[in-house]
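Everything on this sheet refers to the single structure shown next.
Within every chain, numbering begins at 1; the chains are lettered A, B, ... in the order of the sequence lines, protein sequences first and strands thereafter. Scope of the values below: all heavy atoms of this structure, side chains included, with no hydrogens, waters or symmetry mates.
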There are 2 protein chains.
Amino acid sequence: MDTTQRTDQQRSADRRRRELLEAADRVVLRDGPHASMNAIAAEAGITKPILYRHFGDKGGLYAALAKRHTDALLDSLRAALDAPADRRERVEATLDTYLAAIEARPQVYRFLMHPAEGSQPGDQGFDVGKHSAPLLRRMGEELAQVIEERLDLGPGGQQLARVWGHGIVGMMHAAGDWWLGERPCSRAELVRSLADLLWGRLAAAGDRVGGPGF
Amino acid sequence: MDTTQRTDQQRSADRRRRELLEAADRVVLRDGPHASMNAIAAEAGITKPILYRHFGDKGGLYAALAKRHTDALLDSLRAALDAPADRRERVEATLDTYLAAIEARPQVYRFLMHPAEGSQPGDQGFDVGKHSAPLLRRMGEELAQVIEERLDLGPGGQQLARVWGHGIVGMMHAAGDWWLGERPCSRAELVRSLADLLWGRLAAAGDRVGGPGF
DNA sequence: GGTGCCTGTTACTTGCGGTAACACCAGTCT
DNA sequence: AGACTGGTGTTACCGCAAGTAACAGGCACC
């Protein structure tokens with residue numbers, strides 16, 4: 001008895017939570033990450049305390065919101081990353097998937113990259129090394145795992161894979177961010193340039209004038 | 001007459017400004033980027049309106065603060081980047097310089113990477129593509145310029161250099177951020193791993209089990 | 001019919017960014 | 001001397017957002 005009823009309540013609570021999240025989504029995508037809790041509550045047709053009961057604080061709401069989008073994006077990326085294709089093709093497909101996503105919904109992207117807004121003034125010694133958006137961390141770890149699973153990197157390969165995972169994700173992120181702001185070239189060109197970088201063209205390029213000493 | 005007196009006043013104002021910036025620096029480095037204007041004013045021994053007269057608003061103060069540190073870091077990086085050495089050595093030296101800087105003063109680093117705190121709720125259409133800290137942009141452009149000056153990349157080389165500049169900076173940043181948080185290896189190992197990545201070891205590595213199809 | 005319990009409200013506190021208005025203290029001009 | 005000006009400093013306030021009581025109805029359950 002108790003269990004069935006509790007289940008009912010939980011279901012209703014979960015549905016409510018989803019509704020609230022969708023309302024929050026609309027507001028954040030419309031007003032940016034600085035949307036106030038009042039605005040979100042109004043969009044959902046309710047008032048603030050309900051939001052706080054469901055999500056604890058603003059950070060909780062934003063975390064829940066971010067998780068949805070992050071999961072969705074990570075699913076797309078995993079698909080591109082695990083495709084049965086040549087390594088270079090897979091890399092290009094992954095880069096393109098990411099860039100297409102941020103191009104299609106830059107507001108979602110901007111929201112996801114925001115460093116959580118958290119870190120209350122009470123955090124003594126304040127959290128060094130946790131500025132990156134959780135999305136970046138998760139993408140880095142994910143990529144690291146794929147690299148380690150599929151490539152033979154010899155001894156110390158696991159650590160190498162993690163460095164590379166985070167490094168490549170950072171490269172993708174920074175280049176994508178810059179590209180989104182300036183649009184200096186097509187997406188395909190950007191993908192190609194980045195893949196070329198990863199393929200060692202930096203090392204292979206010739207010097208411009210004299211020797212490397214000048 | 002007028003000029004000399006105005007110069008005097010300007011000098012005194014500049015000195016005051018430097019004092020205020022130093023006080024702000026202490027507070028920000030102690031309390032993190034969420035330091036309040038009240039706290040900064042108190043540290044400087046004065047009250048808020050003076051800060052506002054000197055810097056306009058909080059964004060202005062933070063921008064001025066960030067510029068000092070950014071300029072200093074960029075100077076170090078330029079030195080490593082322009083050293084008369086082998087390309088690989090230069091790359092490693094630059095990576096190491098950056099990592100040493102963020103390792104030595106993580107709070108400064110954390111502050112610099114903060115996306116300006118700006119973007120008032122009034123910005124309709126809200127500023128997509130300007131999230132990255134100004135430091136990242138400047139480092140990216142700087143590196144792009146060096147790459148373009150010194151490497152022969154054939155046609156389209158300028159654009160390629162810019163993509164690479166921002167991409168490499170992003171790689172360095174993300175890997176450094178992750179490394180600072182987890183400390184999974186020594187700085188030298190990290191530098192070596194990243195340089196290896198840029199040197200094409202990703203493309204050169206063998207597959208782990210079967211062909212690339214699985 | 002009382003007892004929890006969830007959902008919802010209004011009304012409040014606290015703290016921050018930012019500003020207006022006033023006060024003091026040089027020198028300067030007449 | 002005495003009014004005028006410009007910079008430095010103050011207190012006291014506004015508006016707004018996060019977060020929190022404290023209270024009010026609906027609905028199951030004993």
Side-chain angles (χ1 to χ4, degrees), chain A residues 1-21 23-24 27-28 30-65 114 116-123, chain B residues 1-21 23-24 27-28 31-65 114 116-123 126:
Chain A
M1 311 297 180
D2 194 47
T3 61
T4 67
Q5 196 217 329
R6 192 130 55 121
T7 310
D8 269 13
Q9 285 183 357
Q10 197 151 342
R11 274 199 191 177
S12 126
D14 280 9
R15 251 193 26 216
R16 200 90 186 90
R17 191 186 159 93
R18 268 209 303 278
E19 289 172 15
L20 296 184
L21 276 178
V27 177
V28 166
R30 166 160 43 83
D31 299 349
H34 292 287
S36 80
M37 293 297 264
N38 260 324
I40 294 173
E43 170 73 25
I46 49 148
T47 50
K48 272 193 300 176
I50 303 185
L51 284 181
Y52 282 96
R53 280 220 264 271
H54 272 274
F55 302 102
D57 62 351
K58 188 170 185 168
L61 203 178
Y62 276 33
L65 212 51
H114 224 69
E117 299 273 349
S119 68
Q120 290 288 85
D123 308 345
Chain B
M1 309 294 184
D2 194 47
T3 63
T4 67
Q5 199 215 329
R6 191 131 55 119
T7 309
D8 270 12
Q9 285 183 356
Q10 197 150 343
R11 273 197 191 180
S12 129
D14 279 9
R15 250 192 29 215
R16 202 89 183 89
R17 190 185 160 95
R18 268 209 304 278
E19 288 171 16
L20 296 183
L21 275 178
V27 177
V28 167
D31 299 349
H34 292 286
S36 78
M37 293 297 266
N38 260 324
I40 294 174
E43 171 73 26
I46 48 139
T47 50
K48 273 194 299 177
I50 302 184
L51 285 181
Y52 283 96
R53 281 220 264 271
H54 272 276
F55 301 102
D57 61 352
K58 189 171 183 166
L61 203 178
Y62 276 34
L65 213 50
H114 226 69
E117 300 272 351
S119 70
Q120 289 289 83
D123 306 346
F126 68 83

Once you round it to whole Å, what is the distance between [atom2] of [N] and [atom1] of [X]?
| X | N | atom1 | atom2 | result |
| --- | --- | --- | --- | --- |
| Asn38(B) | dT10(D) | CG | C1' | 13 Å |
| Tyr52(B) | dC13(D) | OH | P | 18 Å |
| Leu51(A) | dT20(D) | CG | C1' | 14 Å |
| Met37(B) | dT19(C) | CE | P | 10 Å |
| His34(A) | dA18(D) | NE2 | C1' | 15 Å |
| Tyr62(A) | dA17(D) | OH | C1' | 11 Å |

In chain order, what residues pass the side-chain contact (heavy atoms from CB on, under 4.5 Å) check against Thr47(A), with sequence neighbours excluded? Pro49(A)
Just jot down the side-chain contact (heavy atoms from CB on, under 4.5 Å) partners of Ala44(B), sequence neighbours excluded, or say none. Leu20(B), Ala23(B), Ile46(B)
Which heavy atom of [X] sits nearest to which heavy atom of [Y], and what is that distance?
| X | Y | answer |
| --- | --- | --- |
| Ala41(A) | Lys48(A) | CB-N, 3.7 Å |
| Lys58(A) | Tyr52(A) | N-CE2, 4.4 Å |
| Ala39(A) | Val27(A) | O-CG2, 4.0 Å |

Going from CG on Leu61(A) to CE on Met37(A), what distance comes out if it is rounded to the nearest 0.5 angstrom? 5.0 Å
Can you check nucleotides 8-14 of chain C for protein contacts, nitrogen or oxygen pairs under 3.5 Å, and list what you find?
{"residue": "dG8(C)", "atom": "OP1", "partner": "Arg16(A)", "partner atom": "NH2", "Å": "3.4"}
{"residue": "dG8(C)", "atom": "OP2", "partner": "Arg16(A)", "partner atom": "NE", "Å": "3.1"}
{"residue": "dG8(C)", "atom": "N7", "partner": "Arg53(A)", "partner atom": "NH2", "Å": "2.3"}
{"residue": "dG8(C)", "atom": "O6", "partner": "Arg53(A)", "partner atom": "NH2", "Å": "3.1"}
{"residue": "dT9(C)", "atom": "OP2", "partner": "Thr47(A)", "partner atom": "N", "Å": "2.9"}
{"residue": "dT9(C)", "atom": "OP2", "partner": "Thr47(A)", "partner atom": "OG1", "Å": "2.4"}

